[in-house]
*Asks:* 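This is the structure I have questions about; it appears just below.
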Amino acid sequence: DAGVTQSPTHLIKTRGQHVTLRCSPISGHKSVSWYQQVLGQGPQFIFQYYEKEERGRGNFPDRFSARQFPNYSSELNVNALLLGDSALYLCASSLGSGQPQHFGDGTRLSIL
Amino acid sequence: GESVGLHLPTLSVQEGDNSIINCAYSNSASDYFIWYKQESGKGPQFIIDIRSNMDKRQGQRVTVLLNKTVKHLSLQIAATQPGDSAVYFCAEIGTNAGKSTFGDGTTLTVKP
């Protein structure tokens, strides 16, 4: 079975632009979580979605938003990009809250 | 707020030796933890998990110990191999609100 897949793998944007990152969960997983990982640090929780509803939100500004589709795939949107948004964005899927989360390999976002 | 921290940012061991990676957490209500391994250019890989109703769990060459009294957990890797070289994270996985908290990781280097 395929694992969590994310696209694109790499992306370069400039300040002020917006970006959409995509995630397809493991088949059968209904929960998707998004994380931001800055070099040298652990992943920081951004959002969790379950059955298309937001179930958790981390300490990120409103420029960050996400949604989950009926097929349980998800998008993370970031508006008005800042240099500090440069990071690896990770998606993890699970059967639900409190269940093992499995990660994709992330999207490397670079802001110039 | 909640925090999860690792005791040592780096650990170097000889091939064949046992490795122990430690982690402390602050939220006494935390009840589900996962250890992840992250190799360069990849997303975190699930190693083993443990819930608060257990104090020990074993996998293939790995053991996780949970001490709720002092809010500490550890990952033990038996007969460490060069392929075990990676960054290891402990994570407290939210069971209700969906928020998950990661430490900053311990870089394990295995010397041949």
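Chain letters run A, B, ... following the sequence lines, proteins first, then strands; residues in each count from 1. Just so you know, these numbers come straight off a predicted model, no measurement behind them. Side chains included, hydrogens not; waters and symmetry mates left out as well; all remaining heavy atoms used.
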*Asks:* Checking one residue: B/L65. Which other hydrophobic residues are in its cluster under the side-chain 4.5 Å linking rule?
*Replies:* none
*Asks:* Could you tell me the separation between the CG atom of A/N71 and the NZ atom of A/K30, rounded to the nearest 0.5 Å?
*Replies:* 13.0 Å
*Asks:* Among A/N59, A/V4, A/L88, A/D105, which residue forms the greatest number of heavy-atom pairs with chain B at distances under 4.5 Å?
*Replies:* A/D105
*Asks:* How long is the gap from CD1 on B/I48 to CZ on B/F33, to the nearest 0.5 Å?
*Replies:* 14.0 Å
*Asks:* Against chain B, work out which of A/Q44, A/Q99, A/E54 has the most heavy-atom pairs shorter than 4.5 Å and name it.
*Replies:* A/Q99
*Asks:* Who wins among A/S31, A/G106, A/P43, A/G40 for the most heavy-atom pairs under 4.5 Å with chain B?
*Replies:* A/P43
*Asks:* Find out whether the Lys NZ or Arg CZ of A/R55 is both under 6.0 angstrom from the six-membered ring centre of A/Y50 and within 45° of the ring's axis.
*Replies:* no
*Asks:* Report which part of B/Q45 has an atom under 4.5 Å of a heavy atom belonging to chain A: side chain, backbone, both, or neither.
*Replies:* neither
